[in-house]
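Inspection log for the structure reproduced underneath, given as structure tokens.
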Number of protein chains: 2
Amino acid sequence: MPTTDTTRPVTTDLGDQLVRVVKLLTVARQRQPRQHPLVDPMAYPLLHHLAQGPMRVSALAEAVHADVSTVSRQVSTLVDLGFVERGPDPEDRRAHALSIGESGLGLLADIRAGRDRWLRQLLTDWTDDDVRDLTGHLARLAGDLETHLTTTTQRDDA
Amino acid sequence: MPTTDTTRPVTTDLGDQLVRVVKLLTVARQRQPRQHPLVDPMAYPLLHHLAQGPMRVSALAEAVHADVSTVSRQVSTLVDLGFVERGPDPEDRRAHALSIGESGLGLLADIRAGRDRWLRQLLTDWTDDDVRDLTGHLARLAGDLETHLTTTTQRDDA
DNA sequence: CCTTGATAGTTGTATGCTGCAAGCAACTGA
DNA sequence: TCAGTTGCTTGCAGCATACAACTATCAAGG
């Protein structure tokens, strides 16, 4: 047993708060009106990634840590609505080069703007430094999570 | 209107990171082996709240910001597995006084321990102060979220 | 060239978590 | 005791996801 702490370790509190925030954010997102009625909120990160350049479905799936089939469906919706274009991949005719369209960038901007309004309303008594501080910690945590998720496919503790 | 920023506001970055972390944590949780095969990870917060004293289903639902029906189902599972007891409510025979049992406390401890192991492995290069700092910010954010969720039932921005 | 195996993506099916609405039991007030 | 309200459960539907089967294409050898 490596945890010879008799006191409650700091990670326990962090875990509790993480679970709490995730839950609350999930609930909040569900209640928030969608920017576009047919676009899943879960598809938003796709736009975020596609905004940084064209990529394949498989690359996108890996980027968002989701199954290819899931991303395929989400992309299909976005394509049907005209936010994303499925162009030919010059190197492989099986694959598609997904690229975000004009309206897709607009949607992304709208999503960000709405989220910004909401956050600003939520964090009225936070200073900019507070926000930046939290953002920095979250980014670091996210980075650690990504490497952890990509390195360990399964197994570990338990 | 206080938002005369022409530069990217700090909340935009925060929003991006929040979405990212939530997504990553969700994925990580899905891949993690369950402490108990039949207990939803989403039910863990229920144990957390019940550990602080007996309460009704409705109170529990409000505490976790979920629908009563959802909590009812989750509680039924926990009762079937012996982690929670549905005792009579002395003041109202329609209601039940849910209380966590011996094994429920054990399960909660196991869940926390497993999460701790995972977090400690994840945050190897974080100092305790870093962790505490993030925890504090998250707690503050969670508090703001809770008041926001309880005050605004609908409407707002969009 | 063909054939065989691997790869990119799509679609069928199943599962898990959720909320809404209907229903049942019990409380409350007249 | 009767009408309305409240606490909870259950039937049903929605949504996101993953796994598996399938099609189309590529790549390597004979």
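The structure presented is a predicted model; accordingly, all values stated were derived computationally and were not measured. In what follows, every chain begins at residue 1, and chains take the letters A, B, ... in the order their sequences are listed.
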Pick base, sugar-phosphate or nothing for A/Arg56, based on heavy-atom distances below 4.0 Å to the nucleic acid. sugar-phosphate

So B/Val68, base contact, sugar-phosphate only, or nothing? Heavy-atom distance under 4.0 Å. base

Select from A/His65 and A/Arg94 the residue whose nearest nucleotide in DNA chain D is closer to the 5' end of that strand. A/His65

Between A/Arg132 and B/Asp13, is the closest basic N to carboxylate O distance under 4.0 Å? no

Residues B/Ser69 and B/Asp67: side-chain donor-acceptor under 3.5 angstrom: yes

For A/Arg29 and D/dA16, give me the distance from atom CZ to atom C1', rounded to whole Å. 11 Å

Rounded interatomic separation in angstrom, taking NE2 from A/His96 and P from D/dA24: 12 Å

Ignoring hydrogens and angles, answer whether the base of D/dC8 and the side-chain atoms of B/Ser58 contain a donor-acceptor pair closer than 3.5 Å. no

Do A/Ser69 side-chain and D/dC19 base share a donor-acceptor contact under 3.5 Å? yes

Distance in angstrom units between A/Asp92 CG and D/dT23 P, rounded: 19 Å

Measure from CE on B/Met55 to P on D/dG7 and round the result to the nearest Å. 14 Å

Between C/dT10, D/dC26, C/dG19, which nucleotide has the shortest distance from any of its atoms to the side chain of A/Arg93? D/dC26

Over 12 foreign heavy atoms within 6.0 Å of CD, B/Glu102: no

Whole-Å gap separating P (D/dA13) and CG (B/Asp67): 17 Å

With nearest nucleotides of DNA chain C determined for A/Gln30 and A/Val71 from heavy-atom distances, which residue corresponds to the more 5′ nucleotide? A/Val71

Starting at atom OH of B/Tyr44, determine the distance to atom C1' of C/dC17, rounded to an integer number of angstrom. 14 Å

Under-3.5 Å donor-acceptor pair between A/Arg73 side chain and C/dG12 base: yes

How many whole angstroms separate atom CG of B/Leu46 from atom C1' of D/dC8? 15 Å

Quick one: is A/Lys23 getting a side-chain N or O under 4.0 Å of the C/dT18 phosphate, OP1 or OP2? yes

Nearest-angstrom distance from the residue atom CD of A/Glu62 to C1' of C/dG9: 16 Å

Check whether any side-chain heavy atom of A/Pro9 sits under 4.5 Å from a side-chain heavy atom of B/Arg120, and report yes or no. yes

Taking everything shown except B/Glu62 itself, do over 12 heavy atoms lie less than 6.0 Å from its CD? no

Among the nucleotides C/dG9, D/dT10, D/dA18, which one has an atom lying closest to any side-chain atom of B/Ser72? D/dT10

